[in-house]
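This report refers to the structure that appears directly beneath it.
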Amino acid sequence: MADPMKIRANVTGDTTEVKVLMSHEMETGQRKDAQGKTIPAWFIQSVTATWNGNTVLAAQWGPAVSKNPFLSFKFKGGAKGDKVLITWVDNRGDKRTDEATIA
Amino acid sequence: MRTFVAPGMGTLLGAALLATALGGAAVAPALLAQSSAVDEIAKYRAALQDGNPAELWEARGEGIWKQKRGPKQASLEQCDLGLGPGVVKGAYAQLPRNFADADRVMDLETRLLWCMATLQGFSDADSRKQLFGNGNERKSDMEAIVAYVTSESRGVPMNVGLANPKAAEMYRIGERIFYFRGGPHDFGCVTCHGDDAKRIRLQDLPNLTTKEGAQKAYTTWPAYRVSQGELRSFQWRLYDCFRQQRFPELVFGSDASIALTMFLARNANGAPFDAPAIKR
């Protein structure tokens with residue numbers, strides 16, 4: 001089980017800014033270990049963000065995204081106290097969902 | 001890297017250098033390149049500051065701190081970091097210090113090993129299993145706890161005391177180690193950290209013999225190293241400096257490591273602690 005994400009969501013005017021820090025190895029599949037064996041690729045493939053049941057962001061990621069990725073985005077709408085849900089799924093089928101309250 | 005100078009270029013270059021020397025106010029191209037690289041690294045750090053993955057270590061460390069672990073099934077919440085059992089807030093800004101119960105000057109990492117042994121019943125071998133993360137899935141609990149405890153001192157001014165004779169002695173030993181030169185390269189800490197504007201490749205090195213240098217360096221460790229994908233403790237920083245100097249391996253929690261930490265922490269007194277930070 002992966003470590004929890006750190007999510008911050010703040011609304012200013014009619015726009016909510018969400019900042020997400022995810023804990024993931026994001027192995028590219030290009031690296032070799034000390035024995036010369038290829039380290040298998042292992043990375044987050046899809047990220048979705050929902051607010052009040054509406055998808056506000058859907059992304060497909062690849063191995064070029066850094067380890068422990070940081071994602072920041074804005075969407076129109078949101079009010080203090082609303083919940084924002086972030087879900088990622090990696091290429092091993094592991095997934096993790098965390099939520100944050102808009103402040 | 002080698003520089004090749006084409007025939008004829010030599011004189012041209014010479015003329016250019018002469019012109020620079022005569023110009024006086026003109027900045028040498030090499031210096032310009034260096035300062036712009038430093039600026040770019042500073043921008044890079046600023047860009048990363050917002051999403052510092054050190055927060056992931058802090059959160060994990062807080063969990064481990066409160067989790068019942070070890071043969072005695074106890075958490076670390078009763079661990080006395082110098083301000084009383086369970087007080088974490090601001091504790092790191094006063095470490096290292098002398099602990100009467102252990103009759104020894106300890107830095108944070110050594111104190112954590114001590115608490116793991118006395119409160120949780122871990123054997124020394126067990127608590128030392130993974131002191132540093134490997135840059136992969138095998139993460140270090142020690143580095144996570146260090147991240148959590150140090151984050152609780154963010155903004156607190158460094159205040160390391162030397163009133164205790166043992167603490168004062170540790171400081172003096174640390175000072176000696178800092179200025180001691182040895183090893184196959186006849187190196188010492190002071191070789192790289194005794195002057196302004198020294199660097200390794202493009203990395204600026206802090207001058208630890210000045211108050212500002214020591215403050216800036218000490219208050220920004222531990223840090224998340226982007227190039228390693230790991231959060232690194234101060235013990236790791238010293239360990240790797242010793243490796244780079246080709247000194248004998250610095251044993252984790254040894255008196256030598258605590259003495260050096262004491263010397264640098266005390267010299268940083270007065271500056272607000274600002275870590276876990278992020279570094280290239």
Side-chain angles (χ1 to χ4, degrees), chain A residues 1-10 12 16-44 47 49 57 59 61 63-74 84 86 88 90-92 94 96-100 103, chain B residues 40-41 43-67 69 130 132-148 150-152 154 222-233 236 243 275-280:
Chain A
M1 187 68 179
D3 284 336
M5 291 176 240
K6 291 282 270 190
I7 308 171
R8 278 171 295 166
N10 287 293
T12 36
T16 302
E17 184 173 27
V18 185
K19 293 174 176 178
V20 193
L21 196 54
M22 305 170 200
S23 176
H24 203 282
E25 287 299 314
M26 300 301 284
E27 208 43 80
T28 62
Q30 308 282 331
R31 299 198 309 153
K32 291 183 166 60
D33 65 12
Q35 280 75 46
K37 280 198 332 216
T38 302
I39 305 172
W42 179 30
F43 54 88
I44 293 173
V47 180
L57 175 133
W61 280 7
V65 175
S66 84
K67 177 172 181 164
N68 299 323
F70 174 64
L71 169 70
S72 171
F73 65 94
K74 289 174 182 172
V84 174
I86 312 279
W88 58 251
D90 70 17
N91 66 327
R92 289 186 187 171
D94 275 352
R96 166 120 214 150
T97 302
D98 288 288
E99 66 167 33
Chain B
E40 290 306 313
I41 291 174
K43 271 194 237 165
Y44 171 77
R45 284 206 191 105
L48 289 171
Q49 197 65 56
D50 202 17
N52 187 351
E55 283 183 37
L56 298 168
W57 269 256
E58 292 167 24
R60 198 164 63 86
E62 186 173 5
I64 299 169
W65 178 265
K66 291 174 177 168
Q67 189 190 339
R69 303 194 313 154
Q130 185 113 36
F132 304 136
N134 268 9
N136 56 25
E137 290 161 76
R138 281 171 54 208
K139 302 231 183 294
S140 160
D141 288 350
M142 175 59 82
E143 283 175 332
I145 302 170
V146 165
Y148 163 62
T150 55
S151 75
E152 290 288 304
R154 200 186 289 278
Y224 179 80
R225 288 300 292 266
V226 178
S227 53
Q228 302 176 358
E230 286 283 357
L231 184 128
R232 294 308 191 188
S233 58
W236 176 88
R243 181 190 64 79
I278 189 162
K279 310 216 177 209
R280 187 199 60 86

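Naming convention: chains lettered A, B, ... in sequence-line order (proteins, then strands); numbering from 1 in each chain.
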Exercise for review: Please step through side chain to side chain contact (heavy atoms under 4.5 Å, CB included) for the pair A/Asn68 and B/Leu56, ending with a clear verdict.
Suggested key: CA-CA 9 Å; A/Asn68 299 323; B/Leu56 298 168; 4.1 Å; yes
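- Contact annotation for A/Met22: only backbone heavy atoms (N, CA, C, O) come within less than 4.5 Å of a heavy atom of chain B.
- Under a 3.5 Å cut-off, the side chain of B/Arg232 and the backbone N or O of B/Gly133 do form a donor-acceptor pair.
- A salt bridge links A/Asp98 and A/Arg96; the closest N-O separation between the charged side-chain nitrogens and carboxylate oxygens is under 4.0 Å.
- For A/Pro69, no part sits under 4.5 Å from any heavy atom of chain B, backbone or side chain.
- Between B/Trp65 and B/Tyr148, the ring planes are tilted. Angles from 30° to 60° get that label.
- With a 4.5 Å cut-off on non-hydrogen atoms, B/Glu58 does not touch chain A at all.
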